[in-house]
Amino acid sequence: MLKIARLFLLSILIYSCSNDNKVLVDDSEGNHPNLILTKSAVSEIKSQLGAIPIFDETLALAKEEVDAAIEKGIDVPMPKDMAGGYTHTQHKLNYAHMQKAGVLFQLLGDEKYAVFVRDMLLEYAKIFPTFDTHPEPRSYATGKFFWQCLNDSNWLVYTSQAYDCIYDWLPKDQTAYLNKNLFRPYADFLSVKNPKYFNRVHNHSTWGNVAVGMIGLVMDDEELINRSLYGLEKGNVDLNEIDNDGGFIYDKEGKAGFLANVDSPFSPDGFYTEGPYYQRYAMYPFLIFAEALQNKKPDLKIFDYKEGVLIKAVDALLNLTDSDGEFFPLNDGQKGMSYYTSSLVSAVDIAYYYGNQDPRLLSVAKKQGTVQLDATGLKVAQDLKAGKEEPFVKQSMMLSDGSKGDEGGIGILRYNNKDETMALVYKYAAQGLSHGHYDKLSFSLYENGDEVLQDYGLSRFVNVEQKNGGGYLKENKTYAKHTIAHNTVVQNGVSHYKYDFETGSKNHPEQFIFDATDAKFQIVSAKESNAYPGTEMHRTLIMIKDDALEKPFIVDVFNLQSNSKNQYDLPFHYFGQIIATSFDYTVPKSLTTLGDKYGYNHIWNEGSGTANAESIQFTWLDNRRFYTLTSATSKNDEIIFARVGANDPKFNLRKDPSIIIRKNNKQNTTFASIIESHGTYNPVKEVAANAYSSFSNIEVISSYEDYTAIKVVFKNEEEKLLILANKDSNPNTEHNFKLKDKTVNWKGVYYYK
């Protein structure tokens with residue numbers, strides 16, 4: 001009923017505005033708007049108002065929000081707080097309300113929206129020159145209205161759109177005043193006065209480049225536009241200077257500006273090296289500026305740049321989500337962020353309009369339930385009304401990393417069967433700039449959108465002021481980024497690359513194979529030779545759908561070849577309740593940590609034992625489903641029950657559990673495991689179904705430099721032989737492998753029978 005009432009009120013307003021002599025938007029004079037909204041788009045949208053449901057509803061919601069802001073009155077406080085604080089939040093609300101008010105002025109023609117934007121801008125112009133920077137100097141690039149230049153750039157990106165919408169309505173003396181006293185100085189502040197911020201290849205600088213470029217387009221300032229596209233002259237700079245996240249400020253290849261931020265972080269597949277959480281954040285400036293450039297500088301052909309990578313990036317990002325649309329938390333990533341966020345609404349609409357109008361995007365837009373209030377959103381809304389959408393089915397895929405696609409990547413193996421989905425996400429990507437984690441060859445597993453084996457993500461409460469002003473917590477560096485926080489091998493208790501950013505930035509894993517052509521046997525494999533000098537790590541993950549089993553199971557083979565003997569820890573970060581183990585263990589009366597650094601200092605040892613068998617099993621219950629880890633072991637392998645939370649006096653970390661398989665004093669060794677989802681528990685009927693594993697054991701028959709042979713034994717005593725070629729990834733190579741009393745012949749990287 002509320003939706004119907006909003007649409008009814010909007011239809012009345014549209015009618016009254018179209019018959020009101022005081023309508024001030026006149027298409028016959030002036031050049032604005034010409035940024036995101038254009039004069040022709042405004043005319044087309046007006047002719048469709050009242051007839052396109054999702055667009056009309058979005059407009060009604062924007063009107064309701066801005067009308068409430070106008071009723072409340074303008075509030076432009078002096079800067080004081082960090083993220084989540086009152087002044088920070090108010091300035092965010094201000095730029096969001098101004099942007100929407102500018103659109104409402106153009107589409108509804110009501111002068112009160114232009115007045116609101118104008119009066120707000122005049123208030124900002126008053127206080128801008130009265131102080132140098134924000135009083136909280138905790139960023140490598142302290143902002144003006146916000147604690148960091150990044151947020152100031154957000155302000156200018158959105159406000160530029162509002163300014164464009166009222167530019168021709170304002171008297172020329174007011175535009176001259178605002179240009180001189182607010183917008184040009186603001187653009188200079190974000191660029192020439194903060195070159196460390198502006199000249200980076202990083203999501204921060206993308207926002208800065210776009211902010212300067214957007215206001216340059218509004219003011220027709222070619223110098224600002226070129227500064228935005230190509231960056232500043234660097235001069236004498238310290239290439240080793242780092243930001244407050246620990247990343248290099250300057251790109252050593254000399255790249256800078258918006259085009260460099262398209263060139264360098266994106267792979268040809270559209271994967272963004274910082275990870276999906278920050279790709280989501282950066283997609284708004286990338287695409288909103290691309291739309292503005294397409295409208296004002298079509299000769300640049302920005303959507304064709306780097307073979308259309310910006311459009312590809314939207315598809316890649318949507319594929320980096322679970323079945324609920326939440327982004328996989330690779331690198332620094334807050335869990336729960338999804339494609340329902342406003343930046344992805346814009347991204348989907350723009351990609352649909354300027355791409356090949358992929359009907360799969362319409363199904364995502366339909367779920368989002370809102371559109372961008374411009375020509376792109378109108379087109380999406382029209383085509384949704386026409387029923388042109390098709391399902392966006394996420395398939396198994398490989399996304400390369402690196403500007404040339406040669407720095408590893410992300411391999412996703414998927415299973416889709418009606419309402420049952422499974423996704424295995426294997427990370428063998430590059431460092432990921434300052435937001436990267438030290439987690440080479442790690443993976444996470446999802447079932448029906450729920451985490452089964454997790455990546456911890458980041459340690460931060462975004463915009464929660466009580467937690468370090470909404471910024472990153474120190475535990476992000478002392479735990480979340482460390483190797484032990486991920487499902488991959490740690491050697492001698494030391495994180496990959498010794499937790500050194502410069503070393504990590506110079507190296508990356510190499511893909512060995514990715515093959516998902518057979519839905520019943522999907523495989524991804526990669527190697528890492530630099531995380532620990534003298535040690536080669538080679539991990540292969542396989543998703544197998546056996547006809548005898550209801551769901552696929554995962555085979556995980558992790559080979560280590562080293563020139564010395566080491567301690568190897570392989571953690572599996574699970575959720576839920578322990579149900580059963582095949583091994584004995586003891587629980588200490590008092591807790592101790594697993595170590596004193598590299599993240600081990602944050603982990604309690606809650607129990608431990610030895611395998612005492614050639615294979616162990618561990619079963620747990622989570623989300624009413626049973627899971628079993630079956631792992632090949634040596635009899636003296638140590639099994640550790642661990643939990644995060646040590647040395648955490650402010651309770652910043654989640655108290656998440658893990659099971660760690662530890663192999664001591666080994667030079668060359670192999671971890672081999674089966675991860676299996678099986679059965680359910682119904683708490684209403686109090687019935688457990690299929691609560692036991694379908695496997696009895698897994699055994700490493702032979703493992704050396706050229707080949708690894710694994711035997712998988714089912715509970716019904718059926719056996720499967722898996723042989724992996726460790727050196728030759730050519731799918732056409734003929735192999736023969738002598739196994740005790742027989743020789744196995746096959747072609748390609750693997751044999752499974």
Side-chain angles (χ1 to χ4, degrees), residues 32-38 62 83 88-103 117 120-121 124 128 141 143-167 178-179 182-191 194 197-198 200 202-221 224-225 227-229 231 257-259 261-262 278-297 302 310 313 341-347 349-350 372-374 376-377:
H32 298 267
N34 58 18
L35 203 62
I36 306 307
L37 278 176
T38 63
H88 179 96
T89 301
Q90 187 59 44
H91 289 301
K92 285 181 63 177
L93 287 171
N94 286 348
Y95 69 66
H97 290 154
M98 281 193 287
Q99 188 269 338
K100 291 176 181 176
V103 171
V117 175
M120 185 88 75
L121 292 179
Y124 274 105
F128 184 87
K144 191 80 172 175
F145 298 125
F146 300 88
W147 73 280
Q148 56 178 348
C149 283
L150 173 61
N151 299 99
D152 285 81
S153 298
N154 286 203
W155 188 96
L156 191 52
V157 168
Y158 282 88
T159 302
S160 296
Q161 298 171 57
Y163 192 39
D164 179 50
C165 286
I166 70 165
Y167 200 91
L178 289 170
N179 291 349
L182 177 60
F183 290 118
R184 181 60 194 239
Y186 212 161
D188 288 342
F189 172 79
L190 292 172
S191 53
N194 278 282
Y197 165 73
F198 191 76
R200 297 185 68 186
H202 193 275
N203 79 82
H204 287 197
S205 300
T206 298
W207 277 97
N209 301 153
V210 170
V212 171
M214 293 280 276
I215 198 62
L217 288 172
V218 176
M219 298 189 298
D220 291 319
D221 189 323
L224 289 183
I225 297 168
R227 185 188 299 175
S228 164
L229 292 173
F258 178 76
L259 296 179
N261 272 291
V262 177
Y278 279 97
Q279 182 171 353
R280 169 273 326 172
Y281 180 60
M283 286 314 293
Y284 184 79
F286 274 122
L287 287 176
I288 208 72
F289 190 41
E291 183 177 6
L293 289 170
Q294 187 67 26
N295 286 331
K296 289 208 68 170
K297 290 188 172 293
I302 190 62
L310 290 177
T341 186
S342 61
S343 61
L344 261 292
V345 171
S346 297
D349 292 357
I350 294 170
Q372 187 162 270
L373 294 174
D374 66 353
T376 70

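- The neighbour count for Lys92 NZ, taken as heavy atoms of other residues, nucleotides or ligands under 6.0 Å away, does not exceed 12.
- In this structure, Gly102 and Cys165 approach most closely via the heavy-atom pair O-CB, 3.3 Å.
- Side-chain N or O atoms of Gln279 include one that pairs as donor or acceptor with a backbone N or O of Ala313 at under 3.5 Å.
- Although no hydrogens or angles enter the test, the distance criterion places a donor-acceptor pair under 3.5 Å between the side chain of Asp152 and the main chain of Lys144.
- Closest heavy-atom contact between Ile215 and Ala187: CG2-CB, 4.1 Å.
- At a threshold of 4.5 Å between non-hydrogen side-chain atoms, the residues Asp164 and Ile36 do not count as touching.
- Side-chain contact between Leu293 and Leu217: present, with at least one pair of heavy atoms (C-beta onward) separated by less than 4.5 Å.
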Candidate pair Ile350 and Leu310, rule side-chain contact (heavy atoms from CB on, under 4.5 Å), full reasoning: CA-CA 10 Å; Ile350 294 170; Leu310 290 177; over 6 Å; no
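- Below 30°, between 30° and 60°, or above 60°: for Tyr124 and Phe145 the angle between ring planes is above 60°, a perpendicular geometry.
- Residues Val157 and Tyr95 fail the side-chain proximity criterion, which asks for heavy atoms closer than 4.5 Å.
- Between the Asn261 side chain and the Gly257 main chain, a donor and an acceptor come within less than 3.5 Å of each other.
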Check against side-chain contact (heavy atoms from CB on, under 4.5 Å), Leu156 and Phe183: CA-CA 8 Å; Leu156 191 52; Phe183 290 118; 3.7 Å; yes
Go through it in stages, so that I can follow the logic: the residues are Tyr158 and Tyr284, the test is ring pair (Phe, Tyr, Trp, His ring centres under 6.0 Å), and I'd like the CA-CA distance, side-chain angles, deciding distance and then a yes or no. CA-CA 10 Å; Tyr158 282 88; Tyr284 184 79; 4.9 Å; yes
Report the C-alpha distance between Val218 and His32 in whole Å, list the side-chain angles of each, state the deciding distance to 0.1 Å, and finish with yes or no for side-chain contact (heavy atoms from CB on, under 4.5 Å). CA-CA 8 Å; Val218 176; His32 298 267; 4.2 Å; yes
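- Across all non-hydrogen atoms, the minimal contact from Phe198 to Asn209 is O-ND2, 3.2 Å.
- Looking at Met283 and Ser343, their side chains never come closer than 4.5 Å, going by heavy atoms from C-beta outward.
- In this structure, Asn194 contributes its side chain and Ala141 its backbone to no donor-acceptor pair below 3.5 Å.
- Contact check for Val262 versus Thr206: no side-chain heavy atoms found under the 4.5 Å cut-off.
- A distance-only check finds no donor-acceptor pair linking the side chain of Asn151 to the backbone of Trp147 [under 3.5 Å].
- Aromatic ring pairs are classed by plane angle as parallel below 30°, tilted from 30° to 60° and perpendicular above 60°; the pair Phe286 and Phe258 is tilted.
- Taking 4.5 Å as the limit, every side-chain heavy atom of Phe289 sits out of range of all side-chain heavy atoms of Gln294.
- The aromatic rings of Tyr186 and Phe128 are tilted relative to each other, their planes meeting at an angle between 30° and 60°.
- For the pair Leu190 and Cys149, the tightest heavy-atom approach, listed with the atom from each and the gap, is CD2-O, 3.8 Å.
- Distance alone, capped at 3.5 Å, places no donor-acceptor pair between the Thr376 side chain and the Gln372 backbone.
- The closest donor-acceptor contact from the side chain of Asn179 to the backbone of Met219 lies at 3.5 Å or more, if one exists at all.
- Checking side-chain atoms of Lys296 against main-chain N and O of Asn34 turns up no donor-acceptor pair under 3.5 Å.
- Counting all heavy atoms, side chain and backbone alike, Val210 lies closest to Pro285 at CG2-O, 3.5 Å.
- Counting only heavy atoms from C-beta outward, the side chains of Tyr197 and Gln148 never approach each other to under 4.5 Å.
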Does the pair Val117 and Met120 meet the rule for a side-chain contact (heavy atoms from CB on, under 4.5 Å), with working shown? CA-CA 5 Å; Val117 175; Met120 185 88 75; 5.8 Å; no
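- Of all heavy-atom pairs between Gly208 and Ser153, the closest is CA-OG, 3.3 Å.
- Test Ile288, Asp374, Val103, Leu37 against Gln161 for side-chain contact (heavy atoms from CB on, under 4.5 Å) and you get one pass: Ile288.
- Although no hydrogens or angles enter the test, the distance criterion places no donor-acceptor pair under 3.5 Å between the side chain of Asn295 and the main chain of Thr38.
- Looking only at side-chain heavy atoms (C-beta outward), Thr159 and Gln99 stay at 4.5 Å or farther from each other.
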If you apply the rule salt bridge (Lys or Arg N to Asp or Glu O under 4.0 Å), what do you find for Asp188 with Arg227, and how did you get there? CA-CA 10 Å; Asp188 288 342; Arg227 185 188 299 175; 2.8 Å; yes
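- A distance-only check finds no donor-acceptor pair linking the side chain of Ser228 to the backbone of Leu224 [under 3.5 Å].
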